[in-house]
Amino acid sequence: MKLTSLTFGLTAILAMSLLAAAPEKKADETAPPVARGFRLLSDRELADGWLLLFDGKTFFGWEAEPLIDRRPLGVPDPKIAIARGKMTIETEIPIRVRTLFTPVFPWSLEFSYTSGDGLEAELLIGVPSDEGGKTVARLVEIPLEPAAEPKTVTFSAPALNAMTVDGYAEEVPETVVAEKGLTLVMTAGKIEISSCRFRQKKTPLFDGESFAGWKPSGDIDASISDDTIHITGGPGCLESENLLSDGVVSFSFRENVSPCNSGLFFRTVPGSSMDGYECQMNNDPPEEDRAKFLGNDTGSIFRRAAARRVVADPADWTAVTLMADGSFFRTWVNGIPTLLWTDDRKPDPNPRKGLRVEKGSLQFQGHDPSTNVYLRDLAAAAARSDEAAALAEIAPQFERPVLFNPDEPALDVDNAAFLGFKDRMSDLKERGIRLTDFHIHLRGGMTAEKALARQNQTGIASAVLENAGRQWPLSDNEKISAFIDEVQRVNAALDPSERMPVGLQVNDRDWYEAISSENLERLDYILADSMIMGTDADGKPQRLWLLPADYQTDLDAWMEEYMDHCLRILDEPITIFANPTYLPKFAEDHYDELWTDERMDAIVGKAVEKGIALEIQAESPFPNERFLRKALERGAKISFGTNNFDPVLKKLDRWAWGFEHFDLNNSSILQKEEILK
């Protein structure tokens with residue numbers, strides 16, 4: 001069996017999964033070793049929490065199987081191969097290709113591919129959820145459209161029982177499944193997977209200045225300087241006060257001597273030194289040790305399961321991530337998958353003797369007097385609700401102060417995308433233009449405080465809102481009032497010039513009758529879009545972005561109804577019309593045909609007449625250049641928005657496109673000062 005070109009047998013289950021072997025065996029060495037210098041993620045991406053599920057070279061971590069017992073006569077076997085960094089799958093019978101991982105909210109996933117016209121496939125994601133202290137997986141189904149050009153499907157679980165697909169909120173499915181992770185189910189066609197990765201958000205466990213939350217024991221010497229912990233000597237350990245069972249832990253280390261001989265112990269018996277599982281830290285193990293032990297390399301579970309040799313240079317900082325879910329464990333080194341292992345031993349309170357699933361402390365080992373290692377970037381995410389609550393409680397003590405220099409913003413991880421827009425901001429500053437992001441939702445981990453931090457770090461003013469309407473977060477006047485109160489609590493401490501406007505994104509067409517006059521008076525702006533029209537088969541509001549690409553309708557008749565819908569919204573007392581000229585998937589290929597000059601002129605004319613701004617949204621193709629040119633020629637106002645679904649700042653390439661194609665200035669850009677009450 002070649003690991004760079006696989007062919008299915010008729011009934012055989014084809015295991016591409018290079019799961020770490022049973023304890024008496026060495027690690028599987030048939031996969032090409034990942035040598036020093038093999039990096040697919042940048043330092044910034046690693047800091048952002050990105051981890052690869054497909055390493056671009058091997059099938060490590062993946063398994064596949066046919067979904068039928070017999071192949072029809074004359075139908076060829078499915079084929080899977082890896083070449084030029086892509087995994088190609090071609091089949092004429094139903095198959096599934098799967099990788100197991102168990103992230104913790106908030107997390108997100110990216111799946112990038114191209115395909116032939118005959119693709120029939122979908123992604124199945126088992127999304128971990130905590131129900132009454134028990135971790136289960138809810139099944140999310142995402143159809144994959146044929147894509148001749150590169151296409152990326154995004155999924156996000158920003159909070160417990162919340163999720164988005166391609167940036168749009170989805171209802172949490174009721175289906176509970178045993179399998180977690182990602183499954184690609186194909187019934188026909190050919191697909192090329194260029195990237196599959198996910199981003200795990202975590203809570204920092206080290207403030208960079210003190211041992212808050214940690215206690216040294218034994219014969220180690222631990223000190224702190226420059227946001228780094230230095231451990232020498234041993235035996236002994238640096239032990240966390242916080243206890244974890246299932247979840248994700250990450251850290252970075254650098255060896256000061258080689259071999260390092262240190263490790264992270266987890267699920268340890270609290271107070272008992274090194275009675276736990278050990279995730280090994282060693283970038284230069286002697287070959288004789290490798291032959292003697294079951295894995296002495298970084299990412300191995302020492303004496304239990306050997307990792308692939310994804311070995312960083314001993315002189316470099318190495319990022320390690322550990323995922324634990326009951327008896328299942330997975331590790332990454334510098335974002336590259338290195339180990340999958342299931343502990344099938346009998347339960348025992350001490351992991352040295354058997355399976356331990358109970359929570360325990362984290363311990364960084366000082367093995368002996370020769371140990372000399374640096375640590376930083378300690379962080380964790382908990383799967384169980386009680387442990388997640390404990391992490392949230394201690395999180396404030398590890399938050400770093402936000403430093404702002406208008407010429408050199410100090411960015412946190414969530415705002416890293418601003419770096420690509422930084423030069424543009426310098427140009428705008430020289431021209432006296434200050435942008436406002438009018439489309440910041442306070443959900444999925446985004447708060448008014450974080451919106452203010454983003455404003456301070458980037459210089460882009462923040463305006464915050466949330467969806468209001470039946471079946472939306474702000475479903476009544478009491479919730480709307482509480483939302484306004486929360487934002488104004490943060491605003492109260494600010495200079496008036498830095499105050500964040502507060503608004504609503506309205507989703508019901510009778511919103512101006514349902515929202516009380518008192519709440520309307522307290523709001524600074526109202527944003528609406530056209531993406532909910534009519535009702536579905538169950539009588540619920542029809543969300544156009546959920547309609548499939550093969551949805552059958554008379555396009556011309558639908559477009560006439562859609563135009564009436566858009567013009568009706570523009571007759572409402574709104575401030576911003578977001579996603580102007582939006583089209584759902586089944587119609588977007590007919591954009592130029594459906595959005596005639598006459599129809600565009602009608603939208604622009606109504607917006608100008610009513611004084612409504614038209615939005616350029618980050619990562620949205622709507623509207624196009626023809627529409628915006630018409631809008632600016634007629635004197636329409638332009639607003640900017642990111643439409644976030646978590647705290648992570650989206651790429652602002654679409655904003656930059658607006659400035660590259662049009663002469664945008666203070667008179668054409670909606671300013672927050674124009675709407676503040």
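- D377 CG to L205 CG: the interatomic distance, rounded to the nearest 0.5 Å, is 11.5 Å.
- Residue pairs meeting the side-chain hydrogen bond (donor to acceptor under 3.5 Å, both in side chains) criterion with at least one partner in residues 230-247, sequence neighbours excluded, are H230-N372, E239-S361, E239-Q363, S245-E387, D246-R267, D246-R384.
- Residue F253 is tested with T228, V320, L264 for a side-chain contact (heavy atoms from CB on, under 4.5 Å); the sole match is V320.
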Quiz prompt | Audit row: V333, T331, side-chain contact (heavy atoms from CB on, under 4.5 Å) steps and yes/no | solution = CA-CA 7 Å; V333 174; T331 65; 5.5 Å; no

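- Of the possible polar contacts, none joining the R330 side chain to the L340 backbone as a donor-acceptor pair under 3.5 Å is found.
- Residues T371 and Q365 fail the side-chain proximity criterion, which asks for heavy atoms closer than 4.5 Å.
- By the 4.0 Å N-to-carboxylate-O rule, E278 lies too far from R352 to be salt-bridged with it.
- Partner F266 forms a ring pair (Phe, Tyr, Trp, His ring centres under 6.0 Å) with one of F302, Y277, F364, F251 and no other, that one being Y277.
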Quiz item: When you look at T164 and R443, which way does the side chain to side chain donor-acceptor pair (under 3.5 Å) test go after all the steps?
Solution: CA-CA 12 Å; T164 70; R443 62 179 176 211; over 6 Å; no

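- Looking at residues two or more places apart in sequence or on another chain, you find a side-chain hydrogen bond (donor to acceptor under 3.5 Å, both in side chains) between H367 and N261.
- Side-chain N/O atoms of N283 and T318 include a donor and acceptor closer than 3.5 Å.
- Each of W50, F198, F101, F60 was checked for a ring pair (Phe, Tyr, Trp, His ring centres under 6.0 Å) with W332, and the lone residue meeting it is F198.
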